Amino acid sequence: MFAKLFTISALAILAVATPAPAPDASCSTAPLQCCQSLEPANSAAVAPILKGLGVVVQDVNALIGVTCSPISVVGVGGSDACSANTVCCQDNSFGGLVSIGCVPVSA
């Protein structure tokens, strides 16, 4: 039952239209993320992870961030630099393993 509720919640989150982030590197859905890679949902690297989590992404071309961490505010908790992909994602609820519905951001 929890799995069905989780899946329905995930789909509802994905269904919400989110505008692209503004050029000033703001993100209205959550903190900016630094992801080691960005892949389409149907890629060979990401599809098995999503399947293992029980996540169904309706748009197979949606960008999925892999191995993500929040970018801290400048001066708080260390460096805020991202040496990989700075993104704004719609769903960051998978403990950094994956983030769903990501849009690259220019910092």
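Since the model is a prediction, treat every value here as computed from it, not as a measurement. As a basis for the values below, the full set of heavy atoms in this structure was taken, side chains included, without hydrogen atoms, waters or symmetry mates.
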*Asks:* Less than 3.5 Å apart, which donor and acceptor atoms pair up between the side chains of residues 36-45 and the rest of the protein, not counting sequence neighbours?
*Replies:*
{"from": "S43", "atom 1": "OG", "to": "P40", "atom 2": "O", "distance (Å)": "3.2"}
{"from": "S43", "atom 1": "OG", "to": "V46", "atom 2": "N", "distance (Å)": "3.2"}

*Asks:* Does some side-chain heavy atom of I100 sit less than 4.5 Å from a side-chain heavy atom of V55?
*Replies:* yes

*Asks:* Kindly give the heavy-atom pair with the smallest separation between N92 and S99, and that separation in Å.
*Replies:* OD1-OG, 3.0 Å

*Asks:* Show your working on side-chain contact (heavy atoms from CB on, under 4.5 Å) between L32 and V87 and close with a plain yes or no.
*Replies:* CA-CA 6 Å; L32 288 173; V87 294; over 6 Å; no

*Asks:* Would you check if I71 and T86 make a side-chain contact, meaning some heavy-atom pair closer than 4.5 Å?
*Replies:* yes

*Asks:* Show your working on side-chain contact (heavy atoms from CB on, under 4.5 Å) between L50 and V98 and close with a plain yes or no.
*Replies:* CA-CA 8 Å; L50 295 174; V98 293; 4.3 Å; yes

*Asks:* Name the atoms and distances for all side-chain donor-acceptor pairs under 3.5 Å in residues 62-69, with sequence neighbours left out.
*Replies:*
none

*Asks:* To the nearest 0.5 Å, how far apart are SG in C102 and CD in Q33?
*Replies:* 7.5 Å

*Asks:* Checking N85 side chain against C35 main chain: does a donor-acceptor pair fall under 3.5 Å?
*Replies:* yes

